[in-house]
Enquirer: 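Sending over a structure as structure tokens; questions will come in a sec.
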Amino acid sequence: MEKIINIAVVAHVDAGKSTLVDALLEQNGVFSEHEVMQERVMDSNDLEKERGITIYSKNCAIRYKDYKINIVDTPGHADFSSEVERIMKTVDTVILLVDASEGPMPQTRFVLSKALEQNLKPILFINKIDKKDARPLEVVDMTFNLFMELNATDEQLDFPIVYGIAKDGIAKLDMTSESNSIEPLLEIILKQVEPFKGSENDSLQLQISNLDYDEYIGRLGVGRINKGKIKNGEYVTLIKNDGKEESFRISKLFVNEGIKRVEKDIAYFGDIVTIAGCADISIGDTICEKGVINPLPPIHIEKPTLAMNFLVNSSPFAGKSGKFLTTRHIKDRLLKELQTNVGLVVEELDGTDGFKVSGRGELHLSILLENMRREGYELSVSKPEVLFEERDGKKYEPFEKVIINVPSDYSGTVINDLQERKALLEVITNNDENSYVHLEFLAPTRGLIGYRSSFITNTKGEGVMVRSFYDYKPYVGAIARRKNGVLVSMENGKALGYSLWNLEDRGTLIIEPATEVYVGMIIGIHNRDNDLDVNPCKNKNLTNTRASGSDEAINLTKPKKFTLEEALEFIEDDELVEVTPTDIRLRKKILDPKDRFRGNR
């Protein structure tokens, strides 16, 4: 029988998880000599490559000595934490990556807490020790304190420490030793973790921890075999989370070899497998031998914290660039997303052509929107709203841990802004070497919606802000809204340079000359706190008279361009983001200015 060890690589975003997985794959013969290895080979999705972040957890496997090591690469962003929660039940240990200069970050706390809850004994990997400002020994102490805060057991506190540079494929057991490979880390894994124990004669028990989808064979379930063995083509019993039972035939059975899925006839205890054959398989379901009922405890997934309304696009430009426009199209796409994205909740809205979609954060939902947009979908989206909870008759709302590093000149402005948004300052430390201030806040998610653009402006782009979900806390009352109103078009047509030039005194424009506009479309940010209806299509009056200075050259300031996330953060309750394959527009919910005036009275 094979000796199998399952590990997960976990860390805060940008700590080097995917790069470490690259090194493990490359140095263990996964790629042949003629193959050109891509950077962050596990980040296969287009959006993952563009943004440089891992969005979906993925499995691969390497062979080292006489062991098979299954590796799970996990997302580092808090919005995709539901991926991390599930895979903890399928692994024997985790490699916790911490940046040698940044130290533990908010998501480090989250992923570590989930590992400790499962009684796993983590291996600490201090990455990027080649940085100029690296402080590996201090970071080890900070991480040890984090273990203490999370009530780690004595056994868990005795964690092995590896130092390294993932991008160069180097790992070493102390700062003074020489190394040019990742082998010391692999040796620590073998020393720290025993191969999965069991017997092939045991009755089958497999819990589904992840889902995938294939256009040809349908829904796929991914999970570790806890007991026994599973065969391709055999009939098995599925025990759902709600206790219902059904039988189905395994139509396909895959295991991981390198970065590929390989079809197998049989797989044994300890291995992570992918199976097909059941259309309604879901997270937490247990598969047993036919007629045997032996379910494992269901997997609990954290509830969503944020919701948006996905509505049919009702603007005058609807259908100009999108292929899928109707409620049916949007519903089908959202139901398809639910096949694999278990952190998502979709509800139909009463009386409107749309859906309330709830997720773990703005990025979680905006990634879905970006994927839909690229697939040819066109829709309108409302302002994100937080989801409240009621506990003992009191209202609770989600809070986030916010870590900020900012030049000391701007720290006062940042503290003032966040305290206006009901944030509580917990830590403030000065770094005299580079004149930066380190700030840590606990802030309501409600107050942070729309803050990122203001933060970038107030810190002249020099500040770094990291957010991560913390917990639900008592409701903190009303929070100040956006301080600026908007410039709203009151005409249909093409925006003209002359008109936009005259509007520059009124605020910041977000469109260029020759942009097609419609009544109710937002074309700029007003300098004052009220909305202003303007005419961006007005041309200069032509006369026969010529005079010096009457034909001044028009020199427009470059307009502010919103990304999808920035647009979602910017809008208010009476506004929508129009998402199409080619454009992102902002608009008022009620397009006609007279109707808006009546509604506001």
Enquirer: Using the salt bridge (charged side-chain N to carboxylate O under 4.0 Å, His left out) criterion, which residues pair with D280? Sequence neighbours excluded.
Expert: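 Once residues adjacent in sequence are excluded, D280 has no partner under the salt bridge (charged side-chain N to carboxylate O under 4.0 Å, His left out) criterion.
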Enquirer: For a ring-ring contact (aromatic ring centres under 6.0 Å, His included) with F388, tell me which candidate from Y475, Y396, Y472 qualifies.
Expert: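 Only match with F388 under ring-ring contact (aromatic ring centres under 6.0 Å, His included): Y475.
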Enquirer: Give a yes or no on whether E194 atom CD has more than 12 heavy-atom contacts from other residues, nucleotides or ligands under 6.0 Å away.
Expert: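 No, because the 6.0 Å sphere around CD of E194 holds 12 heavy atoms or fewer from other groups.
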Enquirer: Counting C-beta onward and ignoring hydrogens, is there a side-chain heavy-atom pair between R333 and L368 closer than 4.5 Å?
Expert: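 Contact flag for R333/L368 side chains = yes.
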Enquirer: Tell me, with the steps shown, if R328 and D332 meet salt bridge (Lys or Arg N to Asp or Glu O under 4.0 Å).
Expert: CA-CA 6 Å; R328 182 178 60 81; D332 289 347; 3.8 Å; yes
Enquirer: Mind listing the closest non-hydrogen atom pair of I5 and V193 along with its distance?
Expert: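 The answer is CD1-O, 3.7 Å.
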Enquirer: Can you see which heavy atom on L24 is nearest to which on I62, and at what distance?
Expert: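 L24 and I62 have their closest heavy atoms at O-CG2, 3.8 Å.
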Enquirer: Is there a side-chain contact between C288 and V236 in this structure, where contact means two heavy atoms from C-beta onward sitting under 4.5 Å apart?
Expert: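 No, side chains not in contact.
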Enquirer: Measuring only between side-chain heavy atoms, which start at C-beta, is V72 closer than 4.5 Å to I7?
Expert: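 No; the side chains remain at least 4.5 Å from each other.
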Enquirer: Return the set of residues passing salt bridge (charged side-chain N to carboxylate O under 4.0 Å, His left out) with R261 (not counting sequence neighbours), or none when no residue passes.
Expert: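 Per chain and number, R261 pairs via salt bridge (charged side-chain N to carboxylate O under 4.0 Å, His left out) with D212.
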Enquirer: Provide the full list of salt bridge (charged side-chain N to carboxylate O under 4.0 Å, His left out) pairs with a residue in residues 340-350, sequence neighbours left out, each pair given once.
Expert: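 Residue pairs with at least one partner in residues 340-350: K331-E348.
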Enquirer: Under the criterion side-chain hydrogen bond (donor to acceptor under 3.5 Å, both in side chains), I'd like the reasoning laid out for D271 against N70: C-alpha separation, chi angles, the key distance, then a yes or no.
Expert: CA-CA 8 Å; D271 214 349; N70 285 312; 2.9 Å; yes
Enquirer: Under the salt bridge (charged side-chain N to carboxylate O under 4.0 Å, His left out) test, which residues partner D471, sequence neighbours left out?
Expert: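 Partners of D471 under the salt bridge (charged side-chain N to carboxylate O under 4.0 Å, His left out) test: none.
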Enquirer: Taking CG in D66 as the centre, count heavy atoms belonging to other residues, nucleotides or ligands within less than 6.0 Å. Is the count above 12?
Expert: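 Yes, the 6.0 Å shell around CG holds more than 12 heavy atoms from other groups.
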Enquirer: Ion pair present between E385 and R446, side-chain N to carboxylate O less than 4.0 angstrom?
Expert: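 No, no charged N to carboxylate O under 4.0 Å.
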Enquirer: D92 and R224: salt bridge (Lys or Arg N to Asp or Glu O under 4.0 Å), yes or no, with the steps?
Expert: CA-CA 11 Å; D92 305 306; R224 179 171 69 174; 2.8 Å; yes
Enquirer: Can you list every ring-ring contact (aromatic ring centres under 6.0 Å, His included) pair that touches residues 244-266, not counting sequence neighbours?
Expert: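 ring-ring contact (aromatic ring centres under 6.0 Å, His included) check on residues 244-266 returns no pairs.
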Enquirer: Where do E155 and K121 land on the salt bridge (Lys or Arg N to Asp or Glu O under 4.0 Å) test, with the steps shown first?
Expert: CA-CA 7 Å; E155 204 175 14; K121 292 185 283 184; 3.5 Å; yes
Enquirer: Just so I know, are the side chains of I123 and I189 near enough to count as touching, which here means a heavy-atom distance under 4.5 Å?
Expert: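 Contact flag for I123/I189 side chains = yes.
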Enquirer: Checking T580 against E378: is there a side-chain donor and acceptor pair closer than 3.5 Å?
Expert: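 There is no such pair (donor and acceptor under 3.5 Å, judged by atom type) between the side chains of E378 and T580.
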Enquirer: Applying salt bridge (charged side-chain N to carboxylate O under 4.0 Å, His left out) as the test, list every pair that has at least one member in residues 571-580; sequence neighbours left out.
Expert: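 Residue pairs with at least one partner in residues 571-580: R481-E572, R481-D573, R482-E575, D574-K588, E575-K588, E578-R585.
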Enquirer: For Y235, does the six-membered ring have the charged nitrogen or CZ of K290 within the cation-pi criterion, i.e. under 6.0 angstrom from the centroid and within 45° of the normal?
Expert: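 The answer is yes; both the distance and angle limits are met.
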Enquirer: Taking side chain as C-beta onward, heavy atoms only, is R587 less than 4.5 Å from S315?
Expert: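 Answer yes - side chains close enough.
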Enquirer: For F317, does the six-membered ring have the charged nitrogen or CZ of K320 within the cation-pi criterion, i.e. under 6.0 angstrom from the centroid and within 45° of the normal?
Expert: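 Yes, a cation-pi geometry.
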Enquirer: Is it the case that K227 places NZ or CZ above or below the six-membered ring of F269, under 6.0 angstrom from the centre and within 45 degrees of the axis?
Expert: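 No cation-pi geometry.
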Enquirer: Within the 4.5 Å heavy-atom criterion, are I225 and I287 side-chain neighbours or not?
Expert: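 No. Closest side-chain heavy atoms not under 4.5 Å.
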Enquirer: I need the single residue from K244, Q207, K240 that forms a side chain to side chain donor-acceptor pair (under 3.5 Å) with D285. Which is it?
Expert: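 Among the candidates, only K240 passes.
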Enquirer: Could you walk me through whether K260 and E257 satisfy the salt bridge (Lys or Arg N to Asp or Glu O under 4.0 Å) test, starting with their C-alpha distance in whole Å, then the side-chain angles of each, then the deciding distance to 0.1 Å, before giving a yes or no?
Expert: CA-CA 6 Å; K260 295 172 184 166; E257 293 290 347; over 6 Å; no
Enquirer: Supply the atom-to-atom distance S247 OG to L238 CG, rounded to the nearest 0.5 angstrom.
Expert: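 Here the rounded value is 9.0 Å.
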Enquirer: If you take the centroid of each ring, where Trp contributes its six-membered ring, are F324 and Y377 closer together than 6.0 Å?
Expert: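 Close enough - the centres of the two rings lie under 6.0 Å apart.
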Enquirer: Answer whether the closest heavy-atom distance between the side chains of F399 and T445 falls below 4.5 Å.
Expert: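 They are not in side-chain contact.
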Enquirer: Please give me the minimum heavy-atom distance between L204 and K229, naming the atom from each residue.
Expert: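 Nearest heavy atoms, L204 then K229: CD1-O, 3.5 Å.
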Enquirer: Side chains of L306 and L387: closer than 4.5 Å at any heavy-atom pair?
Expert: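 No, too far: nothing below the 4.5 Å cut-off.
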